[in-house]
Every structure is written in C-alpha cells, then in structure tokens.
Amino acid sequence: MYKILKAEKLADKIFLMDVHAPRVASHCQPGQFVIVKMDEKGERIPLTICDYDREAGTITIVVQEVGASTTKMGELKAGDSFRDFTGPLGCASEFVHEDMETLKKKKMLFVAGGVGAAPVYPQVKWLHEHGIDADVIVGAKTKDMLILEDEMKDVAGEYYPCTDDGSYGHAGMVTTMVEELVNEGKQYDVCVAIGPMIMMKFVCLLTKKLEIPTIVSMNPIMVDGTGMCGACRLQVGDEIKFACVDGPEFDGHLVDFDQAMKRSQMYKTKEGRAMLKLQE
Ligand code: FES
C-alpha cells in the first residue's frame, strides 16, 4: 500500500497529492509517469510525476477529475492509501541525458496549458537545479484555474501567466504570448509544450513557422499506460509510436495531432474501440 501523506485542492476539480513511494522516488526523472490503482478492481490511471523528494521518498501527483475513477481519487485524504503505485514509467525528458555544456547554451521555453503545468514543473525545476533558467508560459481559463504558480516562479527564468478571460496576466492564448515574446526579440532554441492536445497542436503550428524545435508530451491520450490497450497509438512522421512505451515526449512537428485527437475521441466509446480494432 502507498500512503497519501498530503492531499490538497489546487483548483476546481484539480488535486495535488504527496504519496509515499520510496522506490519510485529513488530513481524517477522529469518526464516520467506512474500508474496508480485505488483498489484491487480499480482502473489503472497513468499520471505524470509532478515532483519528487528522494530523501523523503515521496512522489507528488496532480489529478484532474475527468471521470468516475479520478473523481473518486479526488475524495481521498491524507492517511488514505493507493493499492498500486507503479513506476517510474516512460522515457525521461531528452535534456536529462544531454551534454551539460551543450544544454547550458540553449535557451528553453516551456508552454503549459491547464494541468500541463504539473509535468512541466519538474522539468523546469531540474533545469534550475542544474543552473539553467528556462522561461515558462502557463495558460488557464481563469486566474483561479492556474496551478503551481509560486512553485513555478521559484524555478523559472521568466514566468508568464495567461488567462483566456483576461482575469490575470496576459489576456489570451499561450500562442499569442509566444508570438509576443518572439516579436520582442526573445530567441529560443527549444520549446516544450504540454497541455491539451489542441493547445499542443497550435503551439506546434506556430513554432514550426518560427523554426523553434518543439517537444510535446502525449500524456493526454494514454489510457492504461501499459502498451496493451492501443489507445495511445500515434503517427510520428512516418512511424507508428505508442505514447506510453515510446514516449510520452515526441517531436511535436512530426506528430499527427488531428489523427491522435480523432483516435482518442473514438476510444471513449465501446463502438469506437471496436471500429479502431477493425482498422488495425
Ligand atoms: Fe494503452 Fe499506451 S496507454 S497502449
């Protein structure tokens, strides 16, 4: 059993939990994920690692209520436990393995949308701890929906919040903020975009035009996270990949977002899943 040491509401339907999982905490890296199960018969839920404390043996996860299982998860309190907490899974962010001297010369921009701030945070924190301060744009519908703001400000070079309703920070989409920064003369060597599929698609369309190589995280299309269900199958250039096994991070300029979005919509119904099986 994996004990929840802290459970906190970050925003409407968004929760943060610190879970005691020393083995996962001892060797996880930014970009990786875990699969949690509440009880024996519970659904397997893949969640990206938001933070880790190797000494305390804890992993921080952020959960958004989107279905029955995640809603049930949102009701858990400190002292409750998860039946399974498997990980770390997936590949670590590419920069973790990069030569430090080369990496230090790069100017990086992170773009997060909604709960995408959770997987972005450990990456920006890792870079900060290695002497690299990346710029971060975080977008949300309203000010109340922005998460991990203080944490992000502590580790980012420049922090640019954006809200759709203009209630805080830059009024408008994260893409207009990217354009604004580039027009002001900021130069970026790499962009990392994590958030809803539609946001990642439009960030990639823009960064392709601006010639900024872009990494995306295809977590949103993962279902069981085991390479078995087929939900996260996607086209990357002329290759077929599985987000949970080969990713979750990919070259955003090669990902076929329209196909991935259509597929993940179909995957939500029994009939759609049967259709996908016929096509394979
Ligand atoms: Fe099921 Fe990747 S999430 S195969």
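These values consider heavy atoms only, across backbone and side chains, with no hydrogens, waters or symmetry-generated copies. For ligands, and for the atoms within them, numbers begin at 1 and follow the listed sequence.
Taking the ring centre of Phe257 as origin, the terminal cationic atom of Lys201 falls outside the region bounded by 6.0 Å and 45° from the ring axis.
Close approach of ligand 1 to Gly230 (heavy-atom distance below 4.0 Å) involves ligand atoms 1 (Fe), 4 (S). Near Gly227, the atoms of ligand 1 lying under 4.0 angstrom from a non-hydrogen atom of the residue are 2 (Fe), 4 (S). For ligand 1, the atoms closer than 4.0 angstrom to any heavy atom of Cys229 are 1 (Fe), 3 (S), 4 (S). Listed by number with element, the atoms of ligand 1 under 4.0 angstrom from any heavy atom of Met228 are 4 (S). With ligand atoms numbered from 1 in the order given, ligand 1 contributes 2 (Fe), 3 (S), 4 (S) to contacts under 4.0 Å with heavy atoms of Cys244. Per-residue contacts place Cys232 under 4.0 angstrom from the following atoms of ligand 1 (heavy atoms of the residue considered): 2 (Fe), 3 (S), 4 (S).
Counting heavy atoms closer than 4.0 Å to ligand 1, residue Val223 contributes backbone atoms (N, CA, C, O) but none from C-beta onward.
Arg83 places none of its side-chain heavy atoms less than 4.5 Å from the side chain of Met38. Tyr188 has its side chain within reach of Leu181: a pair of non-hydrogen atoms, C-beta onward, lies under 4.5 Å apart.
At a 4.0 Å cut-off, at least one heavy atom of Gly225 sits close enough to ligand 1 to count as contact.
Salt bridge annotation for Lys106-Glu98: present, with a cationic side-chain nitrogen under 4.0 angstrom from a carboxylate oxygen. Residues Lys125 and Asp51 are paired through a salt bridge, judged by an N-O separation under 4.0 Å between the basic side chain and the carboxylate.
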Subject >> Trace of the side-chain contact (heavy atoms from CB on, under 4.5 Å) decision for Phe82 with Lys3 >> reply: CA-CA 6 Å; Phe82 287 110; Lys3 202 166 182 180; over 6 Å; no

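Summary: OD1 is the N/O/S atom of Asp224 found nearest to atom 1 (Fe) of ligand 1.
For CD of Glu184, the number of neighbouring non-hydrogen atoms (other residues, nucleotides, ligands) closer than 6.0 Å is greater than 12.
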